[in-house]
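Everything below concerns the one structure shown next.
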Number of protein chains: 2
Amino acid sequence: MKYYSRTSFADIGKKIFLSPSSVRERIKKLEDVGVIRGYSLDVDQNLMGNNLEVFIMLKIFTGKFNTAISEINSYPEIQEAFRITGQQNIHLRVALKNQLHLQQFIDKLIAFGEPTTHLILSELRKDF
Amino acid sequence: MKYYSRTSFADIGKKIFLSPSSVRERIKKLEDVGVIRGYSLDVDQNLMGNNLEVFIMLKIFTGKFNTAISEINSYPEIQEAFRITGQQNIHLRVALKNQLHLQQFIDKLIAFGEPTTHLILSELRKDF
DNA sequence: GGTGAAAAACAGCACTC
DNA sequence: GAGTGCTGTTTTTCACC
């Protein structure tokens with residue numbers, strides 16, 4: 001289990017030979033200057049009932065960009081969304097229950113863009 | 001600042017009207033069954049000196065798949081790696097210092113696959 | 001699920017170098 | 001600016017209901 005963001009200052013301090021207070025000071029600084037943007041969790045989407053994870057690249061139709069942005073913000077299936085360069089201009093990571101759910105999701109997307117879907121087969125984990 | 005994974009059991013308990021101990025029990029259960037896979041942090045790559053973030057899709061050359069996997073695990077620039085379906089079979093998220101760094105990185109990849117690069121312009125944040 | 005008490009971790013601050 | 005120790009407070013842990 002990756003425990004990065006819940007490791008105590010004391011434990012971090014042991015690894016880098018620093019007192020807990022100092023570790024705390026350094027981390028607070030990293031938070032203040034914005035290097036650490038936040039703390040999050042990795043959730044197993046399969047166990048959450050989302051048996052399909054996909055990347056969807058979207059080529060937004062001319063003039064539909066603003067629509068796309070606000071639509072994207074309203075879909076709970078979307079885990080991450082990025083604006084990118086290339087053939088398509090939006091990159092989504094999406095968690096879905098099953099094929100039907102994917103179909104329905106794509107049907108909503110094609111109102112404002114042309115989607116290209118890639119199924120995620122597995123994560124090639126880098127075990128740090 | 002997103003504080004999801006460092007919110008105290010007490011604070012979570014207040015929101016769902018449960019005692020800190022019960023919140024802890026529930027979370028422990030989620031960890032035990034694997035719903036919560038780990039705890040992580042969001043790091044601002046720009047502030048880390050990586051001014052270029054890209055997605056790279058790789059079409060691995062025939063017979064080079066195992067080479068690709070072990071190479072991928074050895075590159076610190078790679079933040080995430082997935083096996084996917086579609087024209088390309090590997091999807092990478094990579095953080096790089098600058099254009100030169102990207103060029104050198106791509107030069108290494110083309111030993112075992114054909115890369116397609118998409119620059120990440122911005123994250124379209126969903127503010128939960 | 002809840003309670004309560006001990007142990008651990010944390011935040012804040014004064015101090016040193 | 002960076003590190004540390006001290007102190008009061010909060011959180012976590014754990015045995016038990």
Side-chain angles (χ1 to χ4, degrees), chain A residues 1-51 53 76-80 93 95-98 123 125-128, chain B residues 1-53 75-80 93-98 100-101 122-123 125-128:
Chain A
M1 159 99 75
K2 297 186 299 181
Y3 252 104
Y4 307 123
S5 63
R6 289 186 70 85
T7 311
S8 74
F9 299 152
D11 283 350
I12 297 173
K14 278 172 204 153
K15 296 207 178 174
I16 59 175
F17 305 102
L18 225 53
S19 73
S21 324
S22 306
V23 173
R24 181 177 167 279
E25 287 298 316
R26 286 193 181 183
I27 289 180
K28 189 170 184 328
K29 207 165 291 172
L30 291 172
E31 291 172 348
D32 290 345
V33 301
V35 170
I36 295 176
R37 300 200 308 183
Y39 300 96
S40 52
L41 338 66
D42 278 359
V43 171
D44 187 311
Q45 289 297 334
N46 275 295
L47 292 179
M48 289 288 283
N50 294 317
N51 297 299
E53 277 194 277
E77 293 94 341
I78 297 178
Q79 312 289 305
E80 292 181 325
R93 177 166 166 191
L96 303 140
K97 298 202 188 311
N98 47 41
E123 181 162 5
R125 323 207 106 274
K126 301 156 60 83
D127 15 29
F128 295 90
Chain B
M1 158 101 70
K2 296 186 298 180
Y3 252 102
Y4 307 122
S5 63
R6 289 186 70 84
T7 311
S8 74
F9 300 151
D11 282 351
I12 296 172
K14 278 172 204 152
K15 297 206 178 173
I16 58 175
F17 305 102
L18 227 51
S19 73
S21 332
S22 304
V23 174
R24 181 181 172 279
E25 285 302 314
R26 287 194 182 182
I27 289 179
K28 189 166 184 329
K29 208 165 293 176
L30 291 172
E31 291 172 347
D32 290 345
V33 301
V35 170
I36 295 177
R37 300 202 308 184
Y39 300 96
S40 53
L41 337 66
D42 277 0
V43 171
D44 187 312
Q45 289 298 334
N46 275 295
L47 293 179
M48 289 288 283
N50 295 317
N51 296 300
L52 230 45
E53 276 194 279
Y75 299 154
E77 293 93 342
I78 297 178
Q79 313 289 306
E80 291 180 326
R93 176 165 166 192
V94 187
L96 304 140
K97 297 200 188 313
N98 48 42
L100 178 59
H101 191 187
S122 62
E123 181 163 4
R125 322 207 108 275
K126 301 156 58 82
D127 14 30
F128 296 90

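Sequence lines set the chain letters: A, B, ... in the order given, protein chains first and strands last, and positions in each chain run from 1.
- Within residues 13-20 of chain B, the residues that place at least one heavy atom under 4.0 Å from DNA chain C are, in residue-number order, B/Leu18, B/Ser19.
- Side-chain N/O atoms of B/Ser40 and A/Ser5 include no donor and acceptor closer than 3.5 Å.
- Applying the side chain to side chain contact (heavy atoms under 4.5 Å, CB included) test to B/Arg26 and every residue at least two apart in sequence or in another chain returns B/Ile16, B/Leu18.
- Between A/Ser21 and A/Asp11, the residue anchored nearer the 5' end of DNA chain C, judged by the nucleotide with its closest heavy atom, is A/Asp11.
- Applying the salt bridge (Lys or Arg N to Asp or Glu O under 4.0 Å) rule to A/Asp42 yields the partners A/Lys2; only residues at least two apart in sequence or on another chain are considered.
- Residues forming a ring-ring contact (aromatic ring centres under 6.0 Å, His included) with B/Phe9 (at least two apart in sequence, or on another chain): none.
- For the side chain to side chain contact (heavy atoms under 4.5 Å, CB included) test, residues two or more places apart in sequence or in another chain that qualify with A/Glu123 are A/Arg125, B/Arg37, B/Phe82.
- In this structure, A/Ser8 reaches the sugar-phosphate backbone alone: every heavy-atom distance under 4.0 Å involves primed, P, OP1 or OP2 atoms, never a base.
- Screening residues 14-50 of chain A for ring pair (Phe, Tyr, Trp, His ring centres under 6.0 Å), with sequence neighbours left out, gives A/Tyr39-B/Tyr3.
- Closest approach of B/Leu47 and A/Val33 over heavy atoms only: CD1-O, 3.2 Å.
- Within the structure, salt bridge (Lys or Arg N to Asp or Glu O under 4.0 Å) pairs that include any residue of residues 5-18 of chain B comprise B/Asp11-B/Lys14 (at least two apart or interchain).
- Protein chain B contacts DNA chain D from D/dT11 to D/dC14, reading 5' to 3' and using non-hydrogen atoms of the protein with a distance under 4.0 Å.
- Direction of the helix axis in the helix from C/dG1-D/dC17 to C/dC17-D/dG1 shifts by 30° between the two five-pair termini, rounded to 10°.
- Contact detail for B/Ala10 and B/Pro20: the closest heavy-atom pair is CA-CG, 4.0 Å.
- Within the 3.5 Å criterion, the main-chain N or O of B/Glu77 finds a donor-acceptor partner in the side chain of B/Gln79.
- At a threshold of 4.0 angstrom between heavy atoms, the contacts of A/Lys29 are confined to the sugar-phosphate backbone, with no base atom among them.
- Put simply, chain B comes within 4.0 Å of DNA chain C, heavy atom to any atom, from C/dG1 to C/dC10, going 5' to 3'.
- Contact between B/Gln45 and B/Asn50 at its shortest, heavy atoms only, is OE1-ND2, 2.7 Å.
- Between A/Arg6 and A/Arg26, the one whose closest nucleotide on DNA chain D sits nearer the 5' end is A/Arg26.
- By the side chain to side chain contact (heavy atoms under 4.5 Å, CB included) test, A/Asn51 is found to be paired with A/Asn46, residues two or more places apart in sequence or in another chain being considered.
- Nucleic acid contact class of A/Arg24 (heavy atoms, under 4.0 Å, all strands): base.
- Listed by chain and residue number, nothing satisfies the salt bridge (Lys or Arg N to Asp or Glu O under 4.0 Å) test with A/Lys97 (two or more places apart in sequence, or in another chain).
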